[in-house]
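Scroll down for the structure; my scribbles are underneath it.
Both counts, for ligands and for their atoms, begin at 1 and track the order of listing.
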Amino acid sequence: MEYTENLQIEKSETSKINSVNFNKLDFGRVFTDHMFVCDFADGKWQAPKIMPYQSLSFEPSARVFHYGQAVFEGMKAYKDDNGKIFLFRPDENHARINKSAARLAMPEFPKNYFFKGLEALLKLDSEWIKPGVGNSLYLRPFVIATEPAISASPANSYKFIIICSPAKSYYNSPVRVLIAEEYSRSADGGVGYAKAAGNYAAQFYPTSLAQQKGFQQVIWTDANTHKYLEEAGTMNIFFRVNDKLITAPNNDRILDGVTRKSIIQLASDLGITCEVRQITVEEIKTAARAGELKEVFGVGTAAVVSPVSAFEHKNELFEIPELENSYGQLFKKSLLNIQHNVSEDKHGWRYEVK
Ligand SMILES: *Cc1c(COP(=O)(O)O)cnc(C)c1O
């Protein structure tokens, strides 16, 4: 662990914090004073650095620009009313970025670098984490291939970076979604389970078509038959039929979300039945027609829980009336309370940054 001594910290001379309106934050547009950077060269990760948030320069031939060799994570830091800082299940994010990296033939990032880097960065930019349930600092670790060479093969040099952006939980007004009938997000044997940059670029066009029709998001179905409901653009999805929840099982097309697996656990703690199984579009339409579809909601770190107010499939529109005492709001509140150190953390999900 000679690592800590090796972490170079170059502090920013000034802070931008006073120019930021924390009550009016547009998600992901404002960044804190510092960032964490670590280079992979000569077959290993070099000494990491924390430096002022700044532009970086790359050769135009850097492989990431040509072949999309890039993966990322999304996580948050929270502050309680006593000023303690917490992460939520950060081991999961570390494991997942390495799983994503392996799928894109990129090197794994060492766990001690990940944690020491995050902790040092959060302590330096601590003022940017506002207390109060719903406030957080969104953390974006990512890795890109920097080697200047445009042959189509994995790079020999990479940059691992963490940037931080203050956030309020967003996507809170209910969304209208279109169920995919033609386009696909991922396929068997593909990279759907990885947080690979290209997965998102590929969704922008079909999502823009959905937006032209008045829907904010697409719910992706399996690429082979378009019969099974899988997940949304950056969120896993739950359906509530009467009092039972259903969510799709993880497979190589679906991102294994931390929020999803936490909600499955919370449902079990609360005695709510949650079936993890394939879900057909038809059964959800049938449930909706019978008035049995009570809720549909997306779940993910950024929005926590995002309720769906309507969906369309084969030109048939289904409205889902807003429910008082919804499961979605219950899970959102339970998760936020655990994340902000307001309620008991019986599964050991909180990680205090000391
Ligand atoms: C990040 C992401 C999720 C949600 O994962 P969390 O760990 O809960 O934030 C779901 N689906 C996709 C496609 C994602 O990229």
Side-chain angles (χ1 to χ4, degrees), residues 27-28 68 70-78 87-101 103-104 114 118 136-143 162 165 167 169-171 175 177 180 183-187 190-204 206-207 210 216-223 228-239 245 247-267 274 276 279 296-306 308 328 331-332 334-336 338-339 347 349-351:
F27 181 75
V71 297
F72 69 96
E73 264 307 316
M75 53 199 296
K76 281 177 172 177
Y78 312 88
L87 294 167
F88 183 71
R89 309 185 77 175
D91 285 320
E92 299 280 343
N93 300 95
H94 176 256
R96 192 168 65 189
I97 201 167
N98 282 344
K99 203 172 148 192
S100 300
R103 179 63 181 81
L104 274 88
F114 185 81
L118 263 180
S136 64
L137 187 65
Y138 183 81
L139 310 172
R140 170 53 61 87
F142 63 108
V143 196
I162 306 175
S165 177
S169 51
Y170 78 130
Y171 271 4
V175 291
V177 302
Y183 291 99
S184 303
R185 191 189 90 90
S186 59
V191 297
Y193 70 88
K195 265 183 130 67
N199 282 341
Y200 305 84
Q203 296 182 74
F204 294 161
T207 303
Q216 288 91 31
Q217 299 263 321
V218 174
I219 295 188
W220 302 102
T221 47
D222 69 297
Y228 297 98
L229 292 156
E230 302 221 302
E231 64 166 324
T234 57
M235 291 187 290
N236 296 110
I237 191 145
F238 284 84
F239 299 87
L245 280 175
T247 191
N250 288 325
N251 55 37
D252 59 4
R253 302 183 301 270
I254 297 182
L255 201 288
D256 181 7
V258 179
T259 316
R260 170 185 174 277
K261 73 173 83 167
S262 304
I263 287 177
I264 293 172
Q265 181 64 56
L266 289 178
C274 180
V276 179
I279 312 155
V296 177
F297 51 91
V299 308
T301 297
V304 192
V305 169
S306 179
V308 171
F331 291 129
K332 178 164 186 169
S334 311
L335 275 176
L336 285 170
I338 296 171
Q339 289 163 340
H347 300 289
W349 289 339
R350 270 194 304 261
Y351 176 98

Any idea how W349 and F88 line up, ring-wise: parallel (<30°), tilted (30 to 60°), or perpendicular (>60°)? perpendicular
Item checked: Side-chain touch I338/H347, heavy atoms, less than 4.5 angstrom -> no
The protein heavy atom nearest to atom 5 (O) of ligand 1 is G257 CA, 3.4 Å
Examine distances only and state if a side-chain atom of R185 and a backbone atom of A232 form a donor-acceptor pair shorter than 3.5 Å.
-> no
Plane angle bin for F27 and Y138 - parallel if under 30°, tilted between 30 and 60°, otherwise perpendicular:
perpendicular
Here the atoms of ligand 1 under 4.0 Å from any heavy atom belonging to R96 are 5 (O), 6 (P), 7 (O)
Counting heavy atoms under 4.0 Å, the part of N236 that contacts ligand 1 is both
So the atoms of ligand 1 within less than 4.0 Å of a heavy atom of T301 turn out to be 6 (P), 7 (O), 8 (O), 9 (O)
Atom 8 (O) of ligand 1: closest protein heavy atom, distance to 0.1 Å, is T259 OG1, 2.6 Å
### Message
Main chain of R96, side chain of N93: is a donor-acceptor contact present, judged purely on distance under 3.5 Å?
### Response
no
Derivation and outcome, side-chain contact (heavy atoms from CB on, under 4.5 Å), residues I263 and V305: CA-CA 10 Å; I263 287 177; V305 169; 4.2 Å; yes
Check whether any N or O atom of V258, backbone or side chain, sits under 3.5 Å from an N or O atom of ligand 1, and answer yes or no. yes
Contact region, M75 to ligand 1, non-hydrogen atoms below 4.0 Å, reads neither
Against ligand 1, does G233 come closer than 4.0 Å with any heavy atom? yes
shortest atom 4 (C) of ligand 1-to-protein heavy-atom contact is with T234 O, 3.7 Å
Min over R260, M235, R185, K195 of heavy-atom distance to atom 2 (C) of ligand 1 lands on K195
Within the 4.0 Å heavy-atom cut-off, what E231 brings close to ligand 1 is side chain
What verdict does the side-chain contact (heavy atoms from CB on, under 4.5 Å) test give for K195 and I97, after you've listed the backbone C-alpha separation in whole Å, the side-chain angles of each residue and the deciding distance to 0.1 Å? CA-CA 7 Å; K195 265 183 130 67; I97 201 167; over 6 Å; no
So L137 and L139, do their side chains get closer than 4.5 Å, heavy atoms only? yes
Counting from 1 in the order shown, the ligand 1 atoms closer than 4.0 Å to a non-hydrogen atom of Y200 are 13 (C), 14 (C), 15 (O)
